[in-house]
Each structure stands twice: as structure tokens, then as C-alpha cells.
Amino acid sequence: MAKEFKLPDIGEGVAEGEITRWMVEEGQSIKENDLLVEVMTDKVTVEIPSPFTGTVLKRMYPVGAKVNVGSVLIVIGEAGEAPTSPPVVTTAATPQAPAREFKPQAAVGESDDILAPPAVRKRARELGIDLALVKGSGARGRISREDVEGYAKRAPSPTEIVEHRPAGDASASNLPREERVPIRGLRRKIFEHMARSVHTAAHFTYVEETDVTNLVDLREKAKGHAAEEGVKITYLPFILKALLPALKKFPSFNATMDEEKEELVLKRYYNLGIATNTKEGLIVPVVKDVDRKSIFELAREIEELAEKARTGKLTLPEIQGGTFTVTSPGKLGGLLATPIINYPEVAILGVHKIAKRPVVIEDAVEIRHMMNVALSFDHRIIDGYQGAEFTQVLVRYLEHPALLSLV
Amino acid sequence: MAVQTDVLVIGAGPGGYVAAIRLAQLGKKVVIAEKDKLGGECLNYGCIPSKALIDSANLVWKATHAANRGIEVEGLRVDLPRLQAWKEGVVTTLRNGIEKLLSGNGITVLYGPAKFVDPHTVEVATAQGVETVLAGAILLAVGGHPVSLPGFAFDGKLILSTKEVLELRTLPQDLLIIGGGISGLEIGMMYRKLGSRVVFVELLDQLLPGIDPSIVAVITRSLRELGITYHVKSRAKGWTMVGDRAKIEVQTETGEIVSYEADAILVSVGRVPTTREMALEKAGVALDEKGFIRADRQLRTSVPHIYAIGDATGQPYLAHRASKEGLIAAEVIAGGPGSLDYQALPSAIFTDPEIALVGLTETEAKEKGKKVVVGKFPFAANGRALTTGESQGFVRVVAEEGTDRILGVQIVGPEASNLISEAALAIEMGATVEDLALTIHPHPTLPEALAEAAEATKGKAIHILQK
């Protein structure tokens, strides 16, 4: 008998996912634990394995569909069952299904005012092209099959960002002057997430400069040891460690906001998110229990998480449970930015580029390694003064990394 | 043992059987359930039988009304049972054709009413017992049926639906028709030509509600010429038996009560979807407040693996619309990118003269905020129309001002149903009035009127004076 497999509860607070890739075909034989489908949820892509051995009878949604947790994803029949077989719904009693809400799907590019014959419209549908974007070469802008196919060859995939070429480039003159890029996948998650953060938290950013000359020296010394351990060491594990005293001293920074209950949830564990740039967009894997790990352990873990982020292999637990976030834009760190809080967390630290700058020390100008830090926090919860205090504690440990051995 | 299939199609009307065949062509295993006869309402009780009778009635009428050409017929007699038998033969031929097409495409047909058990399981109560069908996808092509009127419950003898009125074995001397819509008018004009006296009672302020008044005017003139009585803004109050005939009281526009006697009353006041009695709620399919199934442009209902097409999803009730939707639904079910994006849905009405419409009327175009130019050409100026003795009506072309793009064409006149497809193609192709006008139309033919109407938008029609 065939079985229905529903989108499982794949993580705390995840109500829906977007199908990004099917990994099985209808009619394919599969074994238990074979990967069925890739579903994008709250910033991660999850590969969902099959709980059954059998034959895939029916994939219930196309790629791009948003699916609620608990909806039937796929119907799997017994091994050897003909792919044409339908599902047997194994409900003992058949309760009356509530009428589902009717949500018509928007069709792309079907406008009465587009001049294109039926066969051309069909071709555009096959190619997934919005005819409104195609410039017709015929009289009065009439769109031909050649126009559609030509456009298809030039059109970037929806996730690619459109590159604006300078005017005069011969190939650019053929491109439409505007391009509509749907907000999909990870970009949609970031889109929603950032908007919610900015619209909810009262952002306040406090900036300070730190003299990290000692930290630069320490890291130089640690590099050799790290290499022996097979670890590539960056400044980030030091910065995570340096945050601990401040987070411990000011617990409201290591917290999440429960908006519904209007309660701040203070965390007695230190899971620090590290904002990581990937081809698809920004993602924030979480380094768990920073207080229980050595600098080298942290370095190794950061490296692993970053690699997973780049290759899209992060699992949901690896991006959940953060209590505070660090964003380090690296070489492009610039002087200063105003980070957006990784809501429902309460604060985020931005660390900027380390550069040699002339600094006045006891009436003498010295060349020191300087770095700016920018702390954004939710002013609904934390006052500016407290933010400054937090930053000063952090700065003390960044400037005197030897103190970290006391942490 | 349950029947298992990729797709279950419920209803073998012009939507369902067409979808089933296309699904099979696309490699799907298909079961189709039909509670009555293959071909549905259209083939068995609607389009086809009525056209067979209308054509016969026209034959009678032309033969008996050609004295001005020197043709006089004596002893003409209509043997209604034989006419009905011939009509049944036509229907049977077509139905057998569908049966062959379905079996030739490897489609299993189950005869019997279908009922949902759950979203993937449907029971079909066949004569041999209940068959359980388990389907990956389900297409609802269940159609509709005539709605009854309070006080005029269908009894199959005196109070008839459009289905029964097409199966009469004796000609009613007097036929009263409640509802002056499309079916009522087609049937009423037909029976008038076969010899009945016909009276129409329409509740709204014009016959053929919703159709452009300039077109309706041609039809009402024809009704008068045929000697048909009609009342608009009037209501059939009730009826009583007088002998073996019915006496019907009609409250007319002025409020006075007029009574008519009739051998048969046709109630044709609309259709309702056949969505009850199949336990759709067990599938969770959302209906609108009138009981029509809600479907999107890919014909998907609120349940992602269940699709719906045709009359069961609402107006317009057109067989070719159901067929088109069936083809699109089949494509979508098979994983294709199908979507409802036709520009033009033509319709044909088999009154005398015929009416055929596609796209926007002048009024509709203006309501959409478009500036239009209109060209009209009367069949009275078309040579071919005059040679057939049928020169009532006109062709009207509505085009967008500036672009000259054809937005709509209305034809009322001889063979309108056969003339409209050229206009539908023109609209689908985004043609301009010049495209139509510059295309050579053979002489002498009726389609010349379409080219002339296109020219008329520029004041350049040849065979009428436009100054």
C-alpha cells in the first residue's frame, strides 16, 4: 500500500518551507533514508530523507512551491509498485476534510495588452518567460517566437543579479532596460527577516575604536601552533572569546525577545552566530557554547561552518539557537557600518578592518593596529549607556587579549 | 480490489473526455467515471440534439417559405418520432466515436455516480457494484444541470427541462417557455418552425440577457416575423391543469395578468453545478457561495492534486470552453506549463438568425477604458446572403483607436456560428483591422462581410455608403 509522506516538523518555529529541488523522480525506486527533496526553510536548506523503502508515486508540489509543515509532500508506494499507482490514503476513519482555502496562483505575464500569438505565448510559458519583459520586434511591438527564444538566451536566471553594462555596449542594447527579478529562496528569507528586524527592534548603534596591536601579535604567534594543529586561525575566534566577559556581565545582550509575551528571554548559554557571506546570500551559522571551547576549537568550528555555508550544506540545528551575532565583513570591512540585529536576538556586533593608523599614546604618535567595532542593539531593551559599557568591556579584552586566559 | 490510476476524470462531457484523451496522449494512466452517457449534456441533451432539430426545422421553414422564389411545397409533413430517431442516430454515432477514442487511448470507463471517500479515493457506483478508484490526481468535469423554478417543478410531462423538450415525440400545439435566454430561444424558434405556437416569458428587461441590445433587436424582429409572442419584465405566476393542458398565468410588464394554455412548459432559467452528492467536502475542495468549484488559471482547485473545469466552475457555459480547459488541465497534470491565457473565447447562439460573439463589444471596451473605432456591415449588402434569402443582421468589428487592433467582433446573421472563428483567430494573432481588410475573401461568400466591416472602421467599406 502506498503511503503519504508529509513535510515533517523540521525545526523549532518552522511553519513552512519552499521546495528548492526534487531529488527523486516519479516512478523511481528508493530506499529508506535516500534523500527525497531539498526544502529551504528559515535560512537553511534541508535535505529530507525518505522514511520508507518503495517507489515514488507522486510528487505533490513543483519546485518553488511553499509548503506548510504537515502537508503531503510525496506519495511512496511499495517496492515494485507501478509508478502509475495512486496513493492509498491510510486513514481508518475518514474525517471530513475542511475545505481548504482557495489561493489562486498568479500566472506570469498574461496580459491582454501583450501582442503575441497563441503559439508564442505557449513557447513563453514553456520557457518560463514573462512576456511583459520581452521586446517585440514586429510591428507595434508584436512578439515573435524568435523574440521569446532570443530573450530566453539572454535572460539571466532569476537568482542572478542583473549586471548593468555601460551604454554603448553592443550586446547591452538588446537587453531590456529594466529587469524584474523575483525575490525567491534564500533572498526571500533574508528579505523577510531583515524587514522584520528593522520594523520591530529600535536599532541603536554605538561605535568605538580599539587598539588591537596586541591581538595582532598574539594571532601571529598562534598561527604557527594552529598550523601544527591543522587549523587556520583568524581573528574571529578571539573576538568571540573576547565577547564572553561582556555578555556575562550584561546578560540582556545575550538574549532573545519573545514579542508575544513581551518578555526578554535571557540565555545562560553562549551561542554566537557568525554572519557569513555566500553566493546565495547572507547566512548565519551558530557556534554553540562558545564559553566551553578553546580558541583553536572555535577556529576549527568556524572554518567548518563557513565551508558548509558556502556549499549549502548547513543543517537546521546549525543555524538555530543563536543568542548573539557577530558580523565581520573582513577585508571589505570598511570603517563603520550599522549592523541589523539578527532578530529576535537583541544585539549584534560588527567588527571592521584592522589597519595601521597613527595613534597618540602619552603625547607621542605611534603606529598601531586599529579596528573599529559597531554594536547595534535593541534600544527598546537596552539603553545607550549600557551599550557603551558593554562595548568598553569588550574593548578591554580586545586590547589586552592576555586577559582572555582569565576568562 | 481498488482500481489504481494516475488520473481519475469525473464526468465524460466535452471537458472530461477531451482531457482524458489528452492525458492518455501524455502518457498518463486514466480512468474516467460517467454517471450517465459519454459526451455529457452537450452531446446527449444539448448542443448536438438541438442543432439536429434546429437544422431540420430550418429545412421545413425554408421549404414552406420560398413561394417568393416560385417554390411551393404541398403535403409537407413532419414525422416527429422519425425525426427524433434520426437525431438519436446522429448522437449515437458521435457517442460511439467517443467510446472508440477512449478505449483506443487505453482509458478505462466506469459508468456510475462518483463519490469522494478522501482526497485521493473515489467510489464509483457501477451497475456491477462499487468500484474504488485511487488516483494521484483527480479532474472534476462534472458539469451542471438545469435549475428548476419554484412552482414549476420538472415533471417530465408538462413541465420540461431543456433535455426533455428535445425528446418530444408529439409536437406541442402550444409551447410556453419560461426564460428567454439562449437555450430557450433556440428551442422556441425551432418548435415554432416545426409548427408549434410559442410564447416566451422573460423576467429581465430583454430577451438574451447580457447580449448587446442592437443584436437582440435583430432577434426580436425575427421573433415577430415568425409569429412568436414574448413578454419581458414578466413573471409566470403559476399554472393549473385544464383538461390535459396547462393554463399559465403570466404577470406582464404592465402588471396585468395574461393567461396562456400550453401542451408543454419549458423552464430554461439557468443551470446549477452538479457538485452536490459527490461528497466533495471529503476532499476539501472549496466551492463558492453558489456551489461552483473554485479553480485557478491552471484549473487547480483548493486541493493541489484536484482540478476542475467547465460548467462546474461557473459561467460561461460553453462546451468548447470546457474542452479548452480540459486540454490545459491535462497539460498541467502532466507537469506542463499550461495556463488559461486565451485572448478570445468565441460563443455561438443558434437562433434565427444566428449570433456569434468574440472579444469585446463597443460598450465593454469602453468600460475597460479603451478608445475604440467601430465598423458595421449589414448582410443586406452582402451578395451571398441575398442569394440564400437570409440577409438579416450585420457584422460589427470593434478595434482599438490608434493601434487598430481588433478587440471584438459581433455577428448576427446567416451562418454567424461559422463566421466567428476567423475573428477569433484575428484576435488571438493580435491582428489589426487592416490585416482583416487586406486578406482576400472569396466572392461571393458571407465572410466578405467581415472584411467589409473591418474596412468600415475607416469609413472605407465598398458596398455601403458611409458618408
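If you're wondering where the values come from, they're calculated on a predicted model, not measured in any experiment. The sequence lines fix the lettering, A, B, ..., with proteins before strands; numbering per chain opens at 1.
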Handout entry: Donor-acceptor contact present, side-chain A:R142 to main-chain B:A431, <3.5 Å
Key = no
Handout entry: Salt-bridge criterion met for B:D341 and A:R125 (N-O under 4.0 Å)
Key = yes
Handout entry: Structural part of A:A116 lying under 4.5 Å from a heavy atom of chain B
Key = backbone
Exercise for the section: Using a cut-off of 6.0 Å, state whether more than 12 heavy atoms not belonging to B:E364 lie near its atom CD. Expected result: yes
Problem - B:Y342 vs A:P118 side-chain heavy atoms within contact, under 4.5 Å - result: no
Fill in the blank from the handout: In this structure, CD of B:E331 is separated from NZ of A:K122 (nearest 0.5 Å) by 6.0 Å
Exercise for the section: Take atom CD of B:E277 as the centre, draw a 6.0 Å sphere, and report whether it contains more than 12 heavy atoms from other residues, nucleotides or ligands. Expected result: no
Practice task
Write down the atom of B:T403, the atom of A:R140, and the distance for their closest heavy-atom approach.
Solution key: O-CD, 3.7 Å
